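Atoms within a ligand are numbered from 1 in the order they appear, just like the ligands themselves. Note that the structure is a prediction, hence the values are computed from the model and not measured.
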Amino acid sequence: MESTIQDIFNKPKTLLEEIASVEINDAGSLEQFRIRFLGTKNILKPLFGEIRNVPNERKKEYGQLLNEVKQAAEAKFNDLQSTFQQKEGEKADDIDVTAPGIPMPLGARHPINLVRNKIIEIFNKLGFTVTYDREIEDDWHNFTALNMPEDHTARDMQDTFFIQTNPDVVLRTHTSSVQVRVMESQEPPIRILSPGRVYRNETISARAHCFFHQVEGLYIDKDVSFGDLKQTLFFFAQEMFGPDTQIKLRPSYFPFTEPSAEVDVSCFICNSKGCNVCKYTGWVEILGCGMVDPAVLENCGIDSNVYSGYAFGMGVERIAMLKYQINDIRLLSENDIRFLSQFKGA
Ligand code: DAH
């Protein structure tokens, strides 16, 4: 149906009234207004198209009317926009830039990580690289290949968690299992450090836990001697506990090393004068070590006539407890923030 001239002229007039009376109280409504009157698909566009239906003598009048609408919309928009901007500015003025900021508490590193990272850093300097391996092991890698056949009494030293009822699947009792995996899969020279979690079926107390962390070290090459082992551990002890630290090797027994030793360091708490950390002996035990037993090399496919090597294993909790004088191992796995936050910057 053709619009009458009256209709055509009425539309912009209604819009003018709308512009004059519309209530805009927030930036969202102002944007709606802008889209309706000033956007690319604004409401005036089709009205401009109507000009062809207006008789010639009134075209000018109609055009002026539309321009009036457009100008009114622009004026209203600009006016409201600056009002809103001003309000935002006033809000910003409310911010007290001299007020103290919201504090961001600094995290702390876990003492187990601190010690493990330090051990890795020290042995990195000697060319040891880090190898991780699985915590669920088979009997071969955790025991048999390490010279502990099924009925070997040494298995009793490490109360084992078995997975379900399958005696072949265990939670590893030590990181020495990684030695076997590495020797089976790599050609010497081998120089690795293997940190990780281990599990033993122990009653939890201040001194023992059913899971803890170890770092295993292994060096296999031609002509590796006990002297190399001793010098390496001496370097480690001084880097870890201070330049005046002395070490002492006591003969010991491990099924996978021959000869075997336990290493004590001079007590860095009391300077060997005697305290309850060293139980008034002046020495504290930190690790087990030895020359890899030729039978272990052979089990892993390494010719024991050509190669020799040393291995060592240390408990991370034990070293952390000594270093930070922590008297209960349970603190290291309880995640009490009051305890852990003390290691900020340690
Ligand atoms: N696996 C031993 C343990 O858990 C520690 C150990 C001792 C590792 C002597 C070694 C070693 O590599 O040579 O008690």
Asker: If only side-chain N and O atoms count, and only distance matters, is there a donor-acceptor pair under 3.5 Å linking Gln238 with Thr245?
Answerer: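 Side-chain D/A pair, Thr245 to Gln238: absent.
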Asker: Mind checking what residues have non-hydrogen atoms under 4.0 angstrom from ligand 1?
Answerer: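 Residues near ligand 1: Gln158, His174, Ser176, Gln179, Arg200, Gln214, Glu216, Phe254, Phe256, Thr257, Gly288, Cys289, Gly290, Ala311, Phe312, Gly313.
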Asker: Give me each pair satisfying ring pair (Phe, Tyr, Trp, His ring centres under 6.0 Å) with a member in residues 44-81, each pair once, sequence neighbours excluded.
Answerer: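 Counting only pairs at least two positions apart or across chains, the ring pair (Phe, Tyr, Trp, His ring centres under 6.0 Å) contacts touching residues 44-81 are Phe9-Tyr62.
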Asker: Please enumerate all residues that pass ring-ring contact (aromatic ring centres under 6.0 Å, His included) together with Phe241, with sequence neighbours excluded.
Answerer: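 ring-ring contact (aromatic ring centres under 6.0 Å, His included) check on Phe241 returns Phe268.
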Asker: When you compare the side chain of Tyr199 with that of Glu137, does any pair of heavy atoms fall below 4.5 Å?
Answerer: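 Glu137 does not reach Tyr199 side chain to side chain.
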Asker: So, do Cys270 and Cys278 sit near enough that their side-chain heavy atoms are less than 4.5 Å apart?
Answerer: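 The answer is yes; the side chains approach within 4.5 Å.
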Asker: With sequence neighbours excluded, tell me which residues meet ring-ring contact (aromatic ring centres under 6.0 Å, His included) with Phe212.
Answerer: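 Phe212 satisfies ring-ring contact (aromatic ring centres under 6.0 Å, His included) with no residue once adjacent residues are dropped.
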